[in-house]
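Residue indices begin at 1 and follow the sequence shown.
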Amino acid sequence: MKTLLPNKNRIVAKLSIIFALLLGVNQVNAQVLLTESFDGTTFVPVGWTDVLTSGTATWTRATAGTFPTQTPHSGAGEAYFNSW
């Protein structure tokens with residue numbers, strides 16, 4: 001009695017394809033860029049929340065800073081936290 005078995009190379013190739021498909025379907029690569037402008041005078045911007053967790057200081061909007069003197073990286077405003 002003869003038993004026909006698939007070629008070992010065929011089995012390996014089929015398994016490689018199956019694993020590649022399984023890994024490819026389950027693997028998601030995405031790049032999420034989060035950007036926000038503090039140019040508008042409404043602070044905090046829509047979708048943001050400023051939560052006071054302790055003390056009295058909260059985030060504010062600033063157009064310049066002192067100690068050290070500085071200006072916003074880009075645009076008209078920046079988020080500022082007084083940690084003096």
Side-chain angles (χ1 to χ4, degrees):
M1 183 172 146
K2 278 188 166 179
T3 305
L4 296 176
L5 295 175
N7 185 336
K8 182 180 176 184
N9 291 335
R10 282 185 173 168
I11 294 173
V12 171
K14 286 180 182 179
L15 288 175
S16 297
I17 292 170
I18 291 170
F19 283 117
L21 290 173
L22 289 174
L23 291 174
V25 170
N26 291 325
Q27 184 179 5
V28 177
N29 294 321
Q31 183 177 8
V32 179
L33 299 176
L34 299 176
T35 61
E36 183 61 61
S37 167
F38 299 107
D39 294 340
T41 56
T42 302
F43 194 83
V44 294
V46 174
W48 288 56
T49 305
D50 187 7
V51 178
L52 180 64
T53 56
S54 66
T56 57
T58 58
W59 289 89
T60 58
R61 179 184 179 272
T63 56
T66 55
F67 303 111
T69 302
Q70 55 85 35
T71 57
H73 178 270
S74 60
E78 64 187 1
Y80 169 79
F81 185 81
N82 185 3
S83 60
W84 184 261

Item to check | Nearest atoms (heavy-atom pairs only) where Pro45 meets Ser37 | outcome: CG-O, 4.2 Å

Checklist entry - If you take all heavy atoms of Asp39 and Ser74, which pair is closest and at what distance? => result OD1-O, 4.3 Å

Checklist entry - Which pairs with one or both residues in residues 53-70 pass side-chain hydrogen bond (donor to acceptor under 3.5 Å, both in side chains), sequence neighbours excluded? => result Gln70-Glu78

Checklist entry - Taking the six-membered ring for Trp, are Phe38 and Trp48 parallel (under 30°), tilted (30 to 60°) or perpendicular (over 60°)? => result perpendicular

Checklist entry - At their closest point, which heavy atom of Ala62 faces which heavy atom of Pro72, and how far apart are they? => result O-CG, 4.4 Å

